[in-house]
Each structure stands twice: as structure tokens, then as C-alpha cells.
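Read the structure below first, then the notes.
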Amino acid sequence: MEIMFNLALTLEKALQAAAVSAGFSGGAFAPDVRTADPRHGDYQANGVLAYAKSQKQNPRAMAEKLVAALAPDIQGAFAVTIAGPGFINFSIKPAVLQAWLAAHATAEQLAQGAASVSPKSGQAWIVDYSSPNTAKQMHVGHLRSAVIGEAVCRLLAFCGARVIRDNHIGDWGTQFGKLIWAYKRQLDTAAFARDPLEEFERLYKVGNNASEADPAVLKEAQQELVKLQAGDAENLAIWRRISEVSLTAFQVIYDQLGIKFDTTLGESFYNDKVEAVYRELADCGLAEVSQGALVVFHPEHPRFKTQPFIVRKSDGAANYASTDLATIRYRVEQYQASGVLYVVDKRQGDHFEQLFLTAGKWFEKTGRKLPHLEHLDFGTVLGENGKPLKTRSGENIRLKDLLAEATERARRLVDEKSAELPEAERQAIAEVVGVGSVQYADLSQNRSSDYVFAWDKMISLDGNTAAYLLYAVARIHSIFRKLDLAPGAGEAGASALETPTEIALARKLVKFSDAVQLATTQLRPHFLGTYLYELAGEFSAFYTADKVAVDDAPVRARRLALCARTALVLETGLRLLGLRTLTRM
RNA sequence: GGGGCGGUAGCUCAAUGGAUAGAGCAUCGGUCUUCGAAACCGAGUGUUGCGGGUUCGAGCCCCGCCCGCCCCGCCA
């Protein structure tokens, strides 16, 4: 039997073929193969139950018929049993486990395997994530989009997709009038030299407060905005400076999180493209004027038949509905994308539902092909009081402060646990562990739910944390260091897997393909996180029970192979989530 | 008022319509002369908010109710 990356898919196909030769009526039977509870096997096929029901047949008898029709190579590779009302259980035989491990010994082989079974392989996918506003520091509210978005990008790329990372920054809007007003009057050049973004942030507050206190100031600020939009050279120069400074500061954060965008096109870029959107929407009868604004209603929708999608404000200005529509059109024309994913706060669900509905009708009426558009929503980061996470004084927590604190906390632990390492290495470890802990805390839970941000749990070495996973990786490298071998060496002459912990670890390793597949099709990275945690747990149990560096050469060889493959899968998986890994910690 | 999401062990969270609902934390008890104890092994903990329904099978799907968070015309 050819060893496929995903054994569940092998079984799916084999069962489909068996169903044909067993005389199951075509089309009505779906094998429904999935990973199983290890107590029952590695995979289970549940499809016989539904099929037997539809045919008014006894499910166990049907299952037996199906199993009897399975190809001999499948019978040889799996222990097949029928259980309960008609589940078919498959346990991978140890020789097949070892063959899979031999066939997937490098990151390239894993990636090729993932691409070979992914329907997204070869497709172009645009991921719209992070998207902060310029002139402001990134804060904790920007964390999830960046972290989840990057993980999704890496998963898609691993599965063979061409990924376009697009940072749709908020660089256009009414706030720039107030900011420019204050910049011209109250710029603190010394503060600007120290930290320009911080100074812009201060100036915005100055402008905003002054506008609120004095209507005359508000008017002046609005004039500054009008001048900017009319292309006034001075205001445009200030605005450009704001963008430059902001992007430079954002990149510091992105570097820590391992993010590199392919394109950064903000709202300003689409400013001259919204007129065409208004015209087309009006021409094809989708948009109408209501209370002075240009709006789209969806009569077939229970809510959006009365809740308008405002595509142009009554003062004639664009809003994010306008630019988002223009952006869809631009992206479709620019890239032949199969889909666009928006990694945005779930509170904006209504907006995206209206956006997608509108875009769908607009494209249909204008004869364009609409790509798959999907809102990858995520919940709020809460403090331990259950309310959105803030500083004690009620301010947003800046991302740079958050990551710095994570690093400091990790540093204290490294100093405590690994005092013997050189200072520079301890600091480097602290950065990987600290930042990785923040990333992993976010990625280890279902993105759609809110989650409670708790430092102690996050940096902790117990439980489903980055530190636990990184520690498992470091211990494996430690074994190879001790034996003066590189991972992958010393595997020749391996004997057959034997002990329960060896076999349990190998069974888990093979399931990497299922975890990647699940995380990528659902676009939920936590499925991969859960898998990696379980894998690290299996490794730790194996490590405790079975000594690797034994004198018996065939035994050592097979255990070295397990170690090397575990490190490979853990490192590959952690990198897919956007984390860096270590060989010592 | 309309709508979205959620409610699972004391706490934080998992669970693709499948088998006896699982982890971690916390609690208690074991395991370091042996590859890193940042670890491992073991123990108890559940009316899956409530009530109906669909299904061979429901934490998951449908209906009603309770509670929490969020959204609902010109911010994004």
C-alpha cells in the first residue's frame, strides 16, 4: 500500500471502492471516516449506520459485508473490527506507523503531503488581517487579528495555497483633521524625536479635546481635513509622515509576531475607487438614497430589509462600507483569488454579512465572478474581571507593553530554571517563550469565543501552554546533543515499535495530517494547538517510560526516529501557529 | 423591541450529529545515583442553563423559556 500523508483519506477511498464491489447503491453511501478515540482504534467509519438506515438493513450485517469487500492491502495495513451498532474501527499496524514516519522525515515531506490532500492547494487566498489605524499605537484589541490571521496564512500556505497577506490599515478618516490641527500648533519636537507615534497619539488627544471644548476648533479641524482631502501639500506631507511613522512602529510588533505582509493598502488607497462603486450600485438598482445617504437594503433578509447598509454618508463622504466594496473589486481584478478571509472582531458580523450580500448582488448584476468571502470572527480578550482587558486606569494596553511584560515574566522563569545559560541566551529564550506564550494563549482556544487573559496561566509550564510545548522540543534536542547526533541520524537498523508508549506516540504522530486538515478546513488554529499539546503529552510519557540512549542499537535507532519525528512535527506545528522554537531553554 | 454569540467539573477551556462528555489549574497521594522533575504516574469531581422535539444516536440540529455579552443609519 502506498503510504499517503492522510490515512483517513486512504480509508475513505478504500471504503468507497469496497462499497461499490459490495453492491451498495451508488451515491447513497458516504464512509464518514474520522479520527477515533484511541480506545477504539485510530480511525472509525460511521457511514454504514446512516446507509443501513436508508436501506432498511441491519447495520452490523452491512458493515461486515463492507469489511469483507475491503482491498487486501487495507486489510494488511489496519486491524479492522466492527463494534457497537455498526462502527468500523481501524487500528494502524505498527509496521505502517513506521512506514509513515519514514516517509515523512522532513518539513518538506510534511508540506508536500499536506498540499497533496488539500483542495486549497494551488489556489490563491487573500487574508485581510491586523489592519490597525495609523496615528495610534497597536493595543491589545489588535492582538487576535494579527495572531490568528498569521496562523491562518501559514496553515493555508502549508497546504499549498498562494497566500496574499494584506494589511488593510485605517489611514483615512475624520481623525486626521484633528490631528493635523494639533500638529501644526502643539508639536513637541523633542517628544517626536523620542517616539513619534506616541507624540501623534498625544496630539490626537489634544485635537480631540480641543474640538470637543470649542466648536470653533472643531470647525478648523474639519477645514484641515477638507484641505487634506483636496490634496493640500502641507497637510498631505503631515499625513504621509503619520503613515510612515505608524508603519515603522507596527513593524516592530510584526517582527516579534513573525508577520510580514505582502501588501499594505489602506483605506486611502481606495479613496478614488469609491465613486465607481456608488455609480455601479445605483446603476444596477441596488442602492437608493435614504435620509440623504446612499444605502442598500436587502428585501429578502429579515433584518437587512430595514437595516440599511450605508455605502455613502449623507455628507457625501465614504465610510468603511464604501471602501470595503471597492476593495473587493480591486482584489478580484488584481488577483485571481479563490477567496478572501477577513480576520476581524465578531462584533462586526452584521457589517460583513451586509457587505457580502451586497457584493454578491453587485457582482452578479455586473457579470463578475465573486470569490468566496468569509468573515473569520474572533471574540474579545477579557481581563480576569470578565470585562474587556484594560490597564488599571482603564486605558487600552499597548501591544508593545504587553509583549515586553510577557518577555520579562518569561525571563524571570528562565533565570530561575536555567541560571547556568549565558545571559544573552537567557534573554533570547525569554523572548521566544514570552511572545510565544501570548500567541499560543490566543491560538489554543476557539477563536470565536471570548477568552480570559491570565498571565500566570499563560506563561505557566503546566497545561496547554507554549512553554510546555517548547520544553518538549528542547528536551528532544537535548537527547541528540547528549549523543552527539543530529536529529534524523542514527535511525538505521531500527527494530519494530514495541512498547505501549512507543506505539502511542507513533499513533499520535501520524494524526498530524488530520489536525492540519481540520485546522485548515475549519480555519480554526486551535485544532492544531490541541493536537500539538496531546503529542507533547505522548512524548513526555514515552520519554519517562522508555529510555532512548540505550545500548541495544536497534531499540535506540527506533526511539531516535520517534524523537526526531516528534521534534519535527512539534516544530513544524508551532511554526504553523507563528511561534518560534528553541533547542535549549 | 429585533438580531448575533455564548451558558459544559470549584476555576479556565476542549469535544467534526457517534461509543462510558475530556484536558489543565486547584486538591490529595506517589516517582529524580539513570537521556532536562519546566516532567511523569495515580485519585475524586458533571441533571452539558431549563422544558419540549427531530434522530438508530443530540453538549452539538429544531421550537419555547431563563441568564450573560455584543450589534442594530451615517466610527471602524
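Small disclaimer: the values here were computed from a predicted structure and weren't measured. Proteins get letters first, then strands, A, B, ... in listed order; numbering begins at 1 in each.
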Within the structure shown, what part of the strands sits under 4.0 Å from A:Ser460 by heavy-atom distance: base, sugar-phosphate, or nothing?
-> nothing
For B:C74, which nucleotide in any strand shown is its Watson-Crick or wobble partner with both distances under 3.5 Å?
-> none
Centroid distance under 5.5 Å and plane angle under 30°, A:His40 vs B:A19 | yes
What interatomic distance, in whole Å, is found between C1' of B:G10 and the corresponding atom of B:G2?
-> 37 Å
Just checking A:Tyr451: base, sugar-phosphate only, or nothing, at a heavy-atom cut-off of under 4.0 Å?
-> sugar-phosphate
Compare the minimum distances between each of B:G18, B:G36, B:C75 and the side chain of A:Arg34, then state the nucleotide with the smallest one.
-> B:G18
Is there a donor N/O on one and an acceptor N/O on the other, under 3.5 Å, for the side chain of A:Tyr320 and the base of B:A76?
-> yes
Could you let me know what B:G18 is paired to, Watson-Crick or G-U wobble, both distances under 3.5 Å, or none if it's on its own?
-> B:C56
Return the 5'-most residue of the pair A:Ser478, A:Arg312 with respect to RNA chain B, ranking by each residue's nearest nucleotide.
-> A:Ser478
Span that lies between the P atom of B:G73 and that of B:C11, in whole angstrom | 36 Å
Under 4.0 angstrom, heavy atoms only, what part of the nucleic acid is A:Lys547 near: base, sugar-phosphate, or nothing?
-> base
Among A:Lys511, A:Arg507, A:Glu534, A:Lys508, whose side chain to side chain contact (heavy atoms under 4.5 Å, CB included) with A:Pro38 holds?
-> A:Arg507
